[in-house]
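Here, residue 1 is the first one in the sequence, and each next residue gets the next number. Ligands are counted one by one from 1 in listed order, and the atoms in each one are counted from 1 as well.
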Amino acid sequence: MILKVARLGHPVLRQIAEPVPPDEITSPEVQQFIDDMIETMYEYDGAGLAAPQVHVSQQIVVMEVAQNPRYPNAPDIPLTVYINPEITPLTDEQVEDWEGCLSVPGMRGRVPRHTRIRLQAYDRDGQRLDFVVEGFHARVIQHECDHVQGKVYLDRMTSMASLTFTEEFIKYGMGE
Ligand code: NI
């Protein structure tokens, strides 16, 4: 089922989401919800989606990048589900790149992110994950995990000068 996406201004996007009790991860309800999140992400060509973006204040994020028309130059990321994610930055170094968000439709901005992070989370089978990730994949994880903490990418921008509409982004070749 395709879910309705919450847009900036909906209070759910600003709440800190509830962790999912680990023994409930494999329940039919949570599994169905994860499937619905994935279907919704595909429908709107998102690189990722967090549960608060579909009005559910739970710490669940999904992501996949495979020939995404919204991010044509992005490297592929396999379909992944992270539950109760915790990020530890492993570098002080931050790099700026373009981000967009289904909850902030029609806009892009340059966002600094840590280039290397440790991610601890559960997967959709309830298995514990703990790994280090870098680059664009680390960027997407930081963007999606911010959503479960009530943050959007605009909060991370150090200047609003790069904020642009998607049409102008394409017109002026900003992503190239
Ligand atoms: Ni987003």
Side-chain angles (χ1 to χ4, degrees), residues 2-20 33-87 89 94-115 117 119 121 124 133-160 162-170 174-175:
I2 295 164
L3 305 170
K4 190 177 178 211
V5 176
R7 302 203 308 172
L8 193 66
H10 195 294
V12 71
L13 293 172
R14 293 311 196 171
Q15 289 164 12
I16 295 177
E18 292 291 326
V20 180
F33 176 61
I34 290 168
D35 288 339
D36 290 346
M37 284 182 67
I38 292 167
E39 199 181 340
T40 304
M41 172 175 71
Y42 289 161
E43 174 69 14
Y44 297 107
D45 294 320
L49 189 72
Q53 292 185 275
V54 290
H55 305 85
V56 174
S57 197
Q58 288 191 324
Q59 294 188 12
I60 303 175
V61 307
V62 301
M63 62 193 70
E64 183 184 52
V65 176
Q67 298 294 309
N68 188 319
R70 290 179 76 236
Y71 300 95
N73 302 321
D76 287 0
I77 298 175
L79 177 63
T80 35
V81 178
Y82 299 127
I83 298 162
N84 305 347
E86 288 173 70
I87 289 175
Q94 299 204 12
V95 167
E96 266 195 8
D97 205 350
W98 294 100
E99 294 187 18
C101 181
L102 296 180
S103 295
V104 189
M107 301 209 82
R108 296 291 170 92
R110 288 183 70 81
V111 186
R113 297 287 187 188
H114 296 284
T115 52
I117 58 166
L119 180 73
R124 70 176 298 171
V133 58
E134 298 182 352
F136 178 71
H137 193 178
R139 172 174 297 279
V140 176
I141 290 173
Q142 288 169 88
H143 177 116
E144 297 310 329
C145 294
D146 266 358
H147 278 300
V148 302
Q149 300 299 329
K151 288 195 179 340
V152 298
Y153 78 85
L154 301 170
D155 305 335
R156 300 293 191 188
M157 290 173 69
T158 48
S159 161
M160 289 293 147
S162 67
L163 195 64
T164 181
F165 291 108
T166 310
E167 257 181 276
E168 279 70 15
F169 179 85
I170 293 163
M174 291 179 190

Do NZ/NE/NH1/NH2 and the carboxylate oxygens of Arg113 and Asp97 come within less than 4.0 Å?
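Result for this pair is no, no salt bridge flagged.
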Do the side chains of Arg108 and Glu99 get close enough for a salt bridge, i.e. N-O under 4.0 angstrom?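 Not counted as a salt bridge, because no side-chain N and carboxylate O are separated by less than 4.0 Å.
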Protein N/O/S atoms closer than 2.8 Å to the Ni ion (ligand 1):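 Short answer, with waters excluded from the count: Cys101 SG, His143 NE2, His147 NE2.
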Practice prompt. Output all residues satisfying ring-ring contact (aromatic ring centres under 6.0 Å, His included) with Phe136, sequence neighbours left out; order by chain, then residue number.
Written response: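 Phe136 satisfies ring-ring contact (aromatic ring centres under 6.0 Å, His included) with no residue once adjacent residues are dropped.
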| field | Residues in side chain to side chain donor-acceptor pair (under 3.5 Å) contact with Asp155, at least two apart in sequence or another chain | value |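 Asp155: side chain to side chain donor-acceptor pair (under 3.5 Å) contacts with Arg14.
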>> The criterion is side chain to side chain donor-acceptor pair (under 3.5 Å); which residues satisfy it with Glu64, sequence neighbours excluded?
In response: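 Testing Glu64 for side chain to side chain donor-acceptor pair (under 3.5 Å), a comparison that skips the adjacent residues, returns Tyr42.
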- prompt: Which distance, rounded to the nearest 0.5 Å, do you find between the SG of Cys101 and the CG of Leu8?
  reply: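 So the SG of Cys101 and the CG of Leu8 are separated by 8.5 Å.
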